[in-house]
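Any value given below was found using the heavy atoms of this structure, including those in side chains, with hydrogens, waters and symmetry copies removed.
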Amino acid sequence: MDARRWNRLATLHKLETTYGTDAAPAAADALILSNVTFTPMEATEIQRGRMLPYLGNQGILLSGRYGRMEADIEVAGAGAAGTVPKYGSVLRAAGLAETVTVGTSAEYTLVEDAQESSSLYFLYDGTRHVLTGCRTNIAVTYTALEIPHFRATWVGLIGAVNDVGAMPAVTTTGWVDPVPVEKANTVMSLHGWGAVAESVSLDMGNTLTPRFLVGDERVLITDRSSTGTAVVEARSVATIDWLGRAKARTRGPLSIVHGTTAGNIVEITAPSVEIGRPTIGQRDNIVNYSLPLILCPSTGRDEFKITIK
């Protein structure tokens with residue numbers, strides 16, 4: 001048997017009808033990913049600790065076994081306004097509900113009840129690892145002159161591991177090419193100021209908790225604390241007083257609109273953002289502020305929304 005090559009990878013992902021029951025994703029359910037890390041098994045190591053009349057390692061038992069995967073997904077649209085992006089199932093597994101307005105948009109808003117789960121197949125050069133009952137966290141990063149990415153983290157129950165021979169016939173059909181983060185493509189507003197920014201990152205902050213009990217095993221989203229960081233050019237205090245706003249715990253909206261062509265626009269909004277303790281730095285000898293962002297609910301379950309247009 002030949003050695004398996006890491007850069008022959010495929011990931012198939014599909015929402016489950018019943019939690020933990022393999023949804024059997026196929027090639028049409030493929031995700032196009034980059035910067036992938038896969039942990040096939042995490043577990044609690046139980047020491048034996050028996051009293052014996054001799055020395056030596058007694059080995060361990062592995063309990064509460066689950067898998068984890070992290071990967072980047074390019075931030076891009078769905079190809080036509082009012083259709084679902086190819087990565088829509090990933091957003092739904094992160095505790096976001098999908099609402100499609102035909103011809104206009106697909107919105108992803110926070111839900112805490114009836115959250116969906118997914119099955120994930122990770123294949124590398126003919127070997128397949130199955131994770132079921134997956135729940136997800138989403139973070140997003142925009143950096144000037146780079147491609148923006150969602151960073152997805154999956155945690156799921158370990159299923160079968162087997163050799164499947166040929167890799168699935170995955171194509172990039174339906175996946176939209178991204179555009180770089182720059183003035184022509186990206187508009188950011190923070191607390192009403194049209195931001196001049198070097199970067200901004202946001203993290204939904206889902207706590208993914210594997211629960212292994214008598215009678216039940218599952219992964220849950222047990223908490224959420226959405227945060228972020230914006231690195232912005234330092235302008236005059238009269239223009240925007242970040243230290244004053246941090247001290248007063250002033251809340252204001254955040255909006256990032258990336259893309260200008262219908263079918264390839266992604267908007268992220270947060271209505272009530274507090275500014276944490278600013279720090280001062282520089283890039284190219286231009287002073288900047290690094291602003292911690294604390295995304296707070298305004299009326300409940302509304303601190304983070306993604307709209308694909």
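The closest side-chain donor-acceptor pair between T261 and N264, if any, does not fall under 3.5 angstrom. If you check the side chains of H149 and T141, you find no donor sitting under 3.5 Å from an acceptor. Checked by atom type, the side-chain pair S119/E16 shows a donor-acceptor distance below 3.5 Å.
With rounding to the nearest 0.5 angstrom, the CG atom of L33 is 9.5 Å from the CZ atom of R151. Between D177 atom CG and T172 atom OG1 the span is 8.0 Å, to the nearest 0.5 Å. Atom-to-atom distance recorded for D163:CG and T127:OG1 is 4.5 Å, nearest 0.5 angstrom. Between the CG atom in L295 and the OG1 atom in T227 there is a gap of 7.5 Å [rounded to 0.5 Å]. Once rounded to the nearest 0.5 Å, the distance linking OG1 of T99 with CD of E107 reads 6.5 Å. The structure places CZ of R48 at 11.0 Å from CD1 of I60, a figure rounded to the nearest 0.5 Å.
Contact annotation: the side chain of L190 approaches that of L291 to within less than 4.5 Å [non-hydrogen atoms, C-beta and beyond]. In this structure, the side chains of L120 and T11 come closer than 4.5 Å at one or more pairs of heavy atoms. Side-chain contact between Y289 and I275: absent, with no pair of heavy atoms (C-beta onward) separated by less than 4.5 Å. At least one side-chain heavy atom of H258 sits less than 4.5 Å from a side-chain heavy atom of V179. Between S118 and K14, the closest side-chain pair of non-hydrogen atoms is not below 4.5 Å. Two residues are said to be in side-chain contact when any heavy atoms from C-beta on lie closer than 4.5 Å; I138 and T136 meet this criterion. Side-chain contact check for P180 versus L145: every heavy-atom pair is 4.5 Å or farther apart. No side-chain heavy atom of V161 sits under 4.5 Å from any side-chain heavy atom of P40.
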Query raised in the report: Between I268 and K305, is a side chain to side chain contact (heavy atoms under 4.5 Å, CB included) present by the stated rule, with each step listed?
Result: CA-CA 6 Å; I268 297 180; K305 180 172 75 171; over 6 Å; no
Query raised in the report: Are V287 and I280 close enough, and set up right, to give a side chain to side chain contact (heavy atoms under 4.5 Å, CB included), and what steps lead you there?
Result: CA-CA 7 Å; V287 180; I280 294 177; 3.7 Å; yes
Report task. Check the pair V200, V231 against side chain to side chain contact (heavy atoms under 4.5 Å, CB included), reporting the backbone distance first and the verdict last. Result -> CA-CA 6 Å; V200 60; V231 180; over 6 Å; no
Requested in this report: Kindly determine whether S255 and V257 satisfy side chain to side chain contact (heavy atoms under 4.5 Å, CB included), including the steps that lead there.
Outcome: CA-CA 6 Å; S255 170; V257 180; 3.8 Å; yes
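Without hydrogens or angle criteria, E267 side chain to K309 main chain gives no donor-acceptor distance under 3.5 Å. A donor-acceptor pair is defined here as one N or O able to donate and one able to accept, closer than 3.5 Å; no such pair exists between the side chain of R224 and the backbone of L110. Using a distance-only test at 3.5 Å, with no hydrogens or angles considered, a donor-acceptor pair links the side chain of N57 to the main chain of G59. Under the 3.5 Å distance criterion, the side-chain polar atoms of E146 are left unmatched by any main-chain donor or acceptor of Y142. Under the 3.5 Å distance criterion, the side-chain polar atoms of S272 are left unmatched by any main-chain donor or acceptor of S298.
Across L123 and P168, no two heavy atoms sit closer than the pair CD2-CD, 3.9 Å. Listed here is the closest heavy atom pair of T260 and A184: CG2-O, 3.4 Å. Nearest approach of V181 to T186, heavy atoms of both residues: CA-OG1, 3.5 Å. Heavy atoms only, all atoms of each residue included: A10 and V170 are closest at CB-CG2, 4.3 Å. Between V266 and G77, the shortest heavy-atom contact is CG2-N, 4.1 Å. Nearest heavy atom pair, residue S290 against residue T229, reads OG-CG2, 3.5 Å.
Grouping the Ile, Leu, Val, Met, Phe, Trp and Tyr side chains by contacts below 4.5 angstrom, directly or via other members, places V36 with V130. A single hydrophobic cluster is seen to contain both I308 and I73, as judged by linkage of ILVMFWY side chains at heavy-atom distances under 4.5 Å, directly or through other members. Tracing side-chain contacts under 4.5 Å through hydrophobic residues (I, L, V, M, F, W, Y), one reaches M188 starting from L202; they form part of the same cluster. Linking ILVMFWY residues whenever their side-chain heavy atoms come closer than 4.5 Å, directly or via other members, places W154 and I158 in the same cluster. Both W242 and I256 are members of a single hydrophobic cluster when ILVMFWY side chains are connected at heavy-atom separations under 4.5 Å.
Applying the side chain to side chain donor-acceptor pair (under 3.5 Å) rule to pairs touching residues 197-213 yields N137-D203, E198-N288, T209-T222, sequence neighbours excluded. Residue pairs meeting the ring-ring contact (aromatic ring centres under 6.0 Å, His included) criterion with at least one partner in residues 99-129, sequence neighbours excluded, are W6-F122, F38-F122, F38-H129, F122-Y124, Y124-H129. Residue pairs meeting the side chain to side chain donor-acceptor pair (under 3.5 Å) criterion with at least one partner in residues 81-91, sequence neighbours excluded, are H13-S89. Contacts classified as ring-ring contact (aromatic ring centres under 6.0 Å, His included) and involving residues 46-70 (residues at least two apart or in different chains) are not found.
Contacts of R235 classified as side chain to side chain donor-acceptor pair (under 3.5 Å), with partners at least two apart in sequence or in another chain: E233. By the salt bridge (Lys or Arg N to Asp or Glu O under 4.0 Å) test, R245 pairs with no residue at all, sequence neighbours left out. Legend: residues meeting side chain to side chain donor-acceptor pair (under 3.5 Å) with E182, ordered by chain and number and at least two apart, are N185. When the salt bridge (Lys or Arg N to Asp or Glu O under 4.0 Å) test is applied to R65, no partner is found at least two apart in sequence or on another chain. Looking at residues two or more places apart in sequence or on another chain, you find no salt bridge (Lys or Arg N to Asp or Glu O under 4.0 Å) involving K247. Qualifying side chain to side chain contact (heavy atoms under 4.5 Å, CB included) partners for T39, counting only residues two or more places apart in sequence or in other chains: E42, R68. By the salt bridge (Lys or Arg N to Asp or Glu O under 4.0 Å) test, R8 pairs with D125, sequence neighbours left out.
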Please list, one pair per line, the donor and acceptor atoms closer than 3.5 Å that link side chains of residues 212-221 to other protein atoms, with sequence neighbours excluded.
{"unit_1": "D216", "atom_1": "OD1", "unit_2": "R218", "atom_2": "NE", "d": "3.4"}
{"unit_1": "D216", "atom_1": "OD2", "unit_2": "R218", "atom_2": "NE", "d": "3.0"}

